[in-house]
Amino acid sequence: MFSNLKGLLPVGKRFRTPRLPTVKPAISRREFSFLLGAAAPAILKGKQTGSDACRIKIDTDRVVGEIDPKLYGNFLEHLGRCIAGGVFDEGSSLADAEGFRKDVLKAAQDLRVSFLRWPGGNFSSNYNWRDGIGPRDERPRRLEMAWGTIEDNRFGTHEFLDYISRLGAEPYICANFGTGSWDEAQQWVEYVNFGGDTATTRLRKKNGRDKPWNVKYWGLGNEMDGPWQMGHRTAEDYGKFALEGAKLMHWTDPNIQLVAAGSSNYAANWIDWNRTVLEYLKEHINFLSLHMYVGNKENDYYEFQASTVALKERIRLTAGLIDEALSGAPKHRNIYMAWDEYNVWYRARGDAERGRRILEEHYNLEDALVVSSFLNTFVNHANVVKIANMAQLVNVIAPIFTNEKGLFLQTIYYPLQLFATHSHGTALDVFVDSPTYDTKTNPKVPYLDVSAVNGNDGALVVNVTNRHRDQPIAAIIELEDKKFSGDFDVYEVNGPDIKAENNFNTTTVKTTRQKPLTGNGSSMKYSFPAHSFTTIKGRIS
Ligand code: AHR
């Protein structure tokens, strides 16, 4: 009962016998020799697919939508060493007077975490927020049933919101809709956001916080569709229960925005779950939460790299369900998707890891490439996806990994950092003509996975994942309606091979600055190295 019973996603499809993909490069011999010189012959073995070279065509009038800064969020759960021993390590020489690890805070600031979800995850479904306030030494120790441990409650609402102000991120609190009651959820909003004089706000003041924090984003529970969740209900029962909670929370603070628990259990009828939840809650919520974890259990690199094909499909289907739910509603009313847990997670899952060091996944280059594709996909659907939280921030399936002496940055840190640093503005509907490969479950997966952003500052940003394990892929980037102006910065995440990992001694997979590129009028040529993620950024006019 303690374990997370959910299957890895997408369920039943992902982990089959490895199979070599069919390679279909689309580069002409002439073009390719020009682009790659001596490296060219390696890629010329495949057949061409019609065009002379791989093309990435960009038109700044073809707008997908505004990129919400909350796309570059993370997640803190009371789980293993994410909080205790991660962001919060009282008594450590690396922590400040409040107990926050300074090195971790710096790494999180450098990651530009925009939006931070807390306190879970599965943990939130047995969390009583009142246990985590007041003098730390007087807080109760509780049996924690999501992960089978004891929660000391030394990190609670005040600590989380203190951390948020140090980090400079937007907070997002997930209320307990598992074992919790409507009262508990309502009073948590009152404690955190209410300005008037009540017993609850007096308690807040007594605990050292005079003014409300005005936390805007609140979750109506976590993964309520999963049988592994405490308080799991049918979609109807969850819909009715969450609706009453949502009303009370809104009546306490009409400015809050609510996130309903949508699908995480794709082994069940996830479409019906979303449809029912939307039907009950559509007048009260601003976001529908969705979760997705992927893995490479069968060690099939190409199938793994195609994981985001399922993500794209789930986004498309959920957008349709939202449209269906809102048909006939006032035009200004909208509900967006919140992918508030996503990541690679398949190694560190078993009961054997129970205890403080659970879910300590070590990431390699192929994982970082999949994360870059998650981010490309979110940007490519920026009109309907407004929240995304990499799960989690530290140690637990995380980009930052600590021990008592320091930390290292995992491979997945780097693509997220590049997106969070550069990809702000308007997402563009980019045309990509790339060679493709077939896997057992996915036909015609493009080797190049691309997103493009018309930056707030007049810059153009192009993000390209080259999924090819062995070969560079050359592309011509064409601008339909503008000209490249000046040099373009090139940042590349790569490593010696797809299984390369980082550790406390070596950072093998990281971002490196490449030679700047110069555009030639409205086109620019670049060869994307094998198994790489590249961000190109410069000015257009
Ligand atoms: O992020 C780890 C766990 O994955 C979360 O607690 C839960 O929501 C999901 O199943």
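First listed ligand is number 1; within each ligand, the first listed atom is number 1. Not measured: the values here are computed from a predicted model.
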Would you mind running through ligand 1 and noting each atom that sits below 4.0 Å from a heavy atom of Glu223?
-> 7 (C), 8 (O), 9 (C), 10 (O)
Gap between atom OG1 of Thr441 and atom CD of Glu303 - 0.5 Å precision = 3.0 Å
Trp147-ligand 1 polar pair, N/O distance under 3.5 Å | no
Counting heavy atoms only, which part of Asn222 comes closer than 4.0 Å to ligand 1: side chain, backbone, both or neither?
-> side chain
Have a look at His78, Glu341, Glu77 and point out the one with the heavy atom closest to atom 6 (O) of ligand 1.
-> Glu77
Value for OH (Tyr217) from OH (Tyr172), rounded to nearest 0.5 Å, stands at 11.0 Å
Classify the ring geometry between Tyr342 and Phe374 as parallel (under 30°), tilted (30 to 60°) or perpendicular (over 60°).
-> tilted
Distance in Å, Leu288 CG paired with Ser263 OG, rounded so as to fall on 0.5 Å steps | 7.0 Å
Mutual orientation of the aromatic rings belonging to Trp118 and Phe160 [parallel < 30°, tilted 30-60°, perpendicular > 60°] = parallel
For Asn343 and ligand 1, answer yes if some heavy atom of the residue is under 4.0 Å from a ligand atom, otherwise no.
-> no
Please name the residue in the list Phe123, Phe88, Trp129 that meets the ring-ring contact (aromatic ring centres under 6.0 Å, His included) test with Phe155.
-> Phe88
Contact between Phe75 and ligand 1, counting heavy atoms under 4.0 Å?
-> yes
Heavy atom under 4.0 Å from ligand 1: found in Tyr342's side chain, backbone, both, or neither?
-> neither
